[in-house]
Amino acid sequence: MDQLKRQAAARALEEVRDGMQLGLGTGSTAKHFVELLGERVAAGLKVIGVPTSEATRADAERCGVPLTTLDEIDHLDITVDGADEIDPDLNLIKGGGGALLREKIVAAASDRMIVIADDSKWVPALGKFPLPVEVIPFGLGATRRAIEKAFAACGVSGQMAVRKAKGGDKDGHVFVTDGGHWIVDAQLGRIVDPPALAKALSAIPGVVEHGLFIGLASSAVLAGGEGIRVIERRKPKGDHE
Ligand SMILES: O=C(CO)[C@H](O)[C@H](O)COP(=O)(O)O
């Protein structure tokens, strides 16, 4: 599996040109991209990156990839990031690693978003992977009830759980995002209308962001036992729900 992730990352790297400004995703697949990019930078490639998490910032620094922020530059050429699920419209569930907020800001600021994954992430419909919803801890009960209503209005339902941290001395405590928020993971099974659900969740006070990436991915690079498939988005880059 790790080899497949690295192959997908290597294929995305072929799209990178000298002088590009890059969004650097988060997760085990994106980490391969950062490492391979670091090798190219050491060999003379001139690029600059914006990391989507503190973990990716640390990886990029370790690999010698120069970094900047979205305050210092006005756009990104390409963001390369992983995903938890990818559907045939190239809508995504992201946030398994908890970085969905910065990932979405960075993807929305990019001309192109290339999603890299092993082909187990390719699904006919989103929702088997629990949908992460990043929330403000204040008033969480009210926010959860509003989320349940949004689910019902969009024809889905399921258990919700506040994410707990895994490993280290934070083990078992509530997981806190880089932005200081919490994440509620919702087991929905099958999301009938991802764009409608994205819109409904975005309208809830207390929801900072959600893991549905609608209309953001330009292409997906999927590595599997039979090689690499590159799937291009059919519709133009659309709404950033
Ligand atoms: O959205 C993410 C982090 O917030 C990751 O891209 C997603 O969880 C996939 O991770 P991995 O490449 O480790 O499977």
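Because the structure is a prediction, the values reported are computed rather than measured. First listed ligand is number 1; within each ligand, the first listed atom is number 1.
The shortest non-hydrogen separation linking Asp185 to Pro130 is CB-CB, 4.0 Å. In terms of heavy-atom proximity, Leu24 sits nearest to Ala60 at CD1-CB, 4.1 Å.
Those atoms of ligand 1 that come under 4.0 Å of a heavy atom in Ala83, given as number and element, are 6 (O), 7 (C), 9 (C). Annotation for ligand 1: atoms under 4.0 Å from non-hydrogen atoms of Asp81 are 6 (O). Numbered from 1 in the order shown, with element, the atoms of ligand 1 that lie under 4.0 Å from a heavy atom of Gly82 read 6 (O). Proximity to Lys94 (heavy-atom distance under 4.0 Å) selects the following atoms of ligand 1: 1 (O), 2 (C), 5 (C), 6 (O). Heavy-atom contacts of Gly98 reach the following atoms of ligand 1: 4 (O) (cutoff under 4.0 Å). If you number the atoms of ligand 1 from 1 as listed, the ones under 4.0 Å from a heavy atom of Thr26 come out as 2 (C), 3 (C), 5 (C), 6 (O). For ligand 1, the atoms sitting less than 4.0 Å from at least one non-hydrogen atom of Asp84 are 1 (O), 7 (C), 8 (O), 9 (C), numbered in the order shown with element in parentheses. Set against the non-hydrogen atoms of Gly95, the atoms of ligand 1 under 4.0 Å away are 1 (O), 2 (C), 4 (O).
The environment of CD in Glu14 is crowded: more than 12 heavy-atom neighbours from other residues, nucleotides or ligands sit within 6.0 Å.
Nearest non-hydrogen protein atom to atom 12 (O) of ligand 1 is Thr29 OG1, 2.5 Å. Closest to atom 11 (P) of ligand 1 among all protein heavy atoms lies Ser28 OG, 3.3 Å. Among protein heavy atoms, atom 3 (C) of ligand 1 sits closest to Glu103 OE2, 3.1 Å. Of the protein's non-hydrogen atoms, the one nearest atom 10 (O) of ligand 1 is Gly27 CA, 4.1 Å.
Residues Leu37 and Ile48 fall into different hydrophobic clusters, defined by Ile, Leu, Val, Met, Phe, Trp and Tyr side chains chained together at heavy-atom separations under 4.5 Å. In the hydrophobic cluster analysis, where Ile, Leu, Val, Met, Phe, Trp and Tyr join through side-chain heavy atoms closer than 4.5 angstrom, Ile214 is grouped apart from Leu101.
At a 4.0 Å cut-off, not a single heavy atom of Gly25 sits close enough to ligand 1 to count as contact. Using a 4.0 angstrom heavy-atom cutoff, Lys121 counts as in contact with ligand 1.
At least one donor-acceptor pair under 3.5 Å links the side chain of Asp18 to the backbone N or O of Lys46.
Salt bridge present: Asp89 and Arg234 bring a charged side-chain N and a carboxylate O closer than 4.0 Å. In this structure, Arg57 pairs ionically with Glu54, as a charged nitrogen and a carboxylate oxygen lie closer than 4.0 Å. Remark: Arg229 does not engage Asp119 in a salt bridge, criterion side-chain N to carboxylate O under 4.0 Å.
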